[in-house]
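One-based numbering, in listed order, for ligands and for the atoms of each.
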Amino acid sequence: MNQTFQAIRVSKPEDGGDQTVQFVDLSEDDLMDGDVTVAVEHSTVNYKDGLAVSGASPILRRFPMIPGIDFAGRVMRSDDPRFSPGDRVVLNGYGVGEAHFGGFAQRARVKGDWLVALPESVTTEQAMGIGTAGYTAALCVMALERAGITPDQGDVLVTGAAGGVGSVAIALLDRLGYRVVASSRRAAEEETYLRMLGADEVIDTRELAGSGRPLMKERWAAAVDSVGSRTLANVVAGTRYGGTVAACGLAQGADLPLTVMPFILRGVTLAGVDSVMAPRQRREEAWARLAKDLDIARLNQMTSHIGLDEVPRIAAEILAGKVRGRVVVDL
Ligand SMILES: NC(=O)c1ccc[n+]([C@@H]2O[C@H](COP(=O)([O-])OP(=O)(O)OC[C@H]3O[C@@H](n4cnc5c(N)ncnc54)[C@H](OP(=O)(O)O)[C@@H]3O)[C@@H](O)[C@H]2O)c1
């Protein structure tokens, strides 16, 4: 019943010294309160996990903490009537891996409110190939659809294209019939990869990364941006009349040096996308859309696998923008 399991634990001295990362054996008694206990089969390394494990940004809100903002696995025990032992579930966000013990462990105990039952056709491994990055990409696509964007209106730009959000966004948009322009700092070396995912055109991020003008040539009908900062400002400034930009990330920075001109002269919409506290109905819709609209062959081609012991190395690499696609942690 109370066997030990492996976990990553991040600690920080009370006197404010640097955080340390340890690989530990814990028992279920060590877990935090919750009404559902899950045998975690897979987790992933998202950009936010990179910040949390490396300590590059104050993501962790209590110590010691088991990081890992998402996981997929099977329910072991449940006091929540919606879940039974054996059910396959996925968790994204809700402060898990930040304030509540997260996915870099073979067991998790969380609130049933935070769990989503996986669609029948999605395995726990595929769910974490998708991960929070891919689920956020789906939320971005849904935001564009709610704004009335359709494939006949023109190109959709995806920034940070070779990253997690970007890779899944390209695959989804292509499957839905959009002409996709992928913007990447690695345009030259990753062009084959990006076209394999479904990009119709690949541009170098440097076109968008500098200080631009308030209004630029109208190039795309819509965009999914995971980069923020000057890139997002230029993306908005280059969006066609009536277009929409879904903004979800800050890989270049959290600033946004933008004027109101694209909004008041071109009626452009900037749609913010949050995955962490997204309501259950929208989560379930996103996972259903991923089950229906994401090509599993393409998901497999964007996914690599690591063990728990490799998480700190990948955490550093994702912050350096060196990770391609998605990295699944096999537990
Ligand atoms: N709103 C939400 O709820 C939510 C959810 C998930 C993720 N996010 C955010 O979305 C972003 C992407 O997450 P992810 O997991 O996809 O990370 P990721 O795999 O590291 O992808 C980010 C990509 O952005 C590009 N990039 C990195 N640094 C850059 C820089 N300085 N300037 C321009 N481009 C840069 C790189 O793509 P190229 O090499 O192709 O240029 C990189 O692969 C992160 O900021 C993350 O925090 C937000």
Side-chain angles (χ1 to χ4, degrees), residues 43-54 56-57 59 68-70 92-98 128-143 157-172 180-195 197 199 202-210 223-235 245-256 270-279 282-283 286 302-304 314-328:
S43 183
T44 101
V45 184
N46 295 278
Y47 191 86
K48 198 185 230 180
D49 296 313
L51 294 172
V53 171
S54 67
S57 190
I59 297 292
I69 63 166
D70 51 15
N92 302 100
Y94 281 120
V96 170
E98 301 179 49
M128 285 296 101
I130 295 165
T132 294
Y135 145 70
T136 303
L139 292 175
C140 289
V141 171
M142 288 158 53
L157 174 74
V158 175
T159 63
V165 173
S167 293
V168 178
I170 292 169
L172 280 175
V180 181
V181 179
S183 163
S184 176
R185 296 193 299 182
R186 296 173 275 178
E189 71 235 58
E190 297 294 7
E191 177 156 2
T192 306
Y193 167 74
L194 296 168
R195 286 190 183 274
L197 292 182
V202 178
I203 65 172
D204 191 317
T205 294
R206 277 171 291 197
E207 277 189 45
L208 300 168
V224 171
D225 178 72
S226 58
V227 170
S229 191
R230 291 191 302 275
T231 299
L232 176 55
N234 291 329
V235 169
V245 177
C248 73
L250 41 59
Q252 186 181 19
D255 59 320
L256 185 52
L270 182 57
V273 172
D274 166 62
S275 69
V276 179
M277 299 307 292
R282 193 155 288 172
R283 287 168 188 265
M302 70 177 85
T303 306
S304 54
I314 297 297
E317 285 187 9
I318 201 166
L319 296 186
K322 290 185 181 157
V323 168
R324 172 211 263 186
R326 302 277 308 127
V327 180
V328 171

L232 and side-chain contact (heavy atoms from CB on, under 4.5 Å): which single residue from L208, L270, L250 fits? L270
Just heavy atoms, cut-off under 4.0 Å: does I318 contact ligand 1 by side chain, backbone, both, or neither? both
At under 4.0 Å between heavy atoms, what of V273 touches ligand 1? The answer is backbone
Shortest protein heavy-atom distance from [atom], along with the residue and atom involved:
atom	answer
atom 45 (O) of ligand 1	L250 N, 2.9 Å
atom 6 (C) of ligand 1	T136 OG1, 3.4 Å
atom 12 (C) of ligand 1	S226 CB, 3.8 Å
atom 32 (N) of ligand 1	Q252 CB, 3.5 Å
atom 33 (C) of ligand 1	V227 CG1, 3.6 Å
atom 47 (O) of ligand 1	Y47 CD2, 3.6 Å
atom 16 (O) of ligand 1	V165 N, 2.8 Å
atom 43 (O) of ligand 1	R186 NH2, 3.0 Å

Touching ligand 1 at all, [X]? Heavy atoms, strictly under 4.0 Å?
X	value
A161	yes
K48	no
D274	yes

Kindly indicate whether the side chain of [X], heavy atoms from C-beta on, has any atom under 4.5 Å from the side chain of [Y].
X	Y	result
R326	M128	no
R185	D204	no
C248	L139	no
L256	S229	no
V224	L157	no
K48	E98	yes
I314	V323	yes
T44	V327	no

If the test is side chain to side chain donor-acceptor pair (under 3.5 Å), which one of N46, T132, T136 qualifies with N92? T132
Counting heavy atoms only, which of [options] is nearest [atom]?
atom	options	value
atom 9 (C) of ligand 1	S183, C248, G131	C248
atom 23 (C) of ligand 1	A246, S229, A247, G160	G160
atom 21 (O) of ligand 1	G272, G249, S275, G163	G163

Tell me whether [X] has any N or O atom under 3.5 angstrom from an N or O of ligand 1.
X	value
G321	no
T132	no
R185	yes

Just which atoms of ligand 1 are under 4.0 Å from any heavy atom in [X]?
X	result
A162	40 (O)
G164	16 (O), 18 (P), 19 (O), 21 (O)
S184	38 (P), 39 (O), 40 (O), 41 (O)

How long is the gap from OG on S167 to CD on E190, to the nearest 0.5 Å? 8.5 Å
Rounded to the nearest 0.5 Å, how far does CG of D49 lie from CD1 of I318? 7.5 Å
Using distance alone, with no hydrogens and no angle criterion, decide if D225 and T159 have a side-chain donor and acceptor under 3.5 Å apart. yes
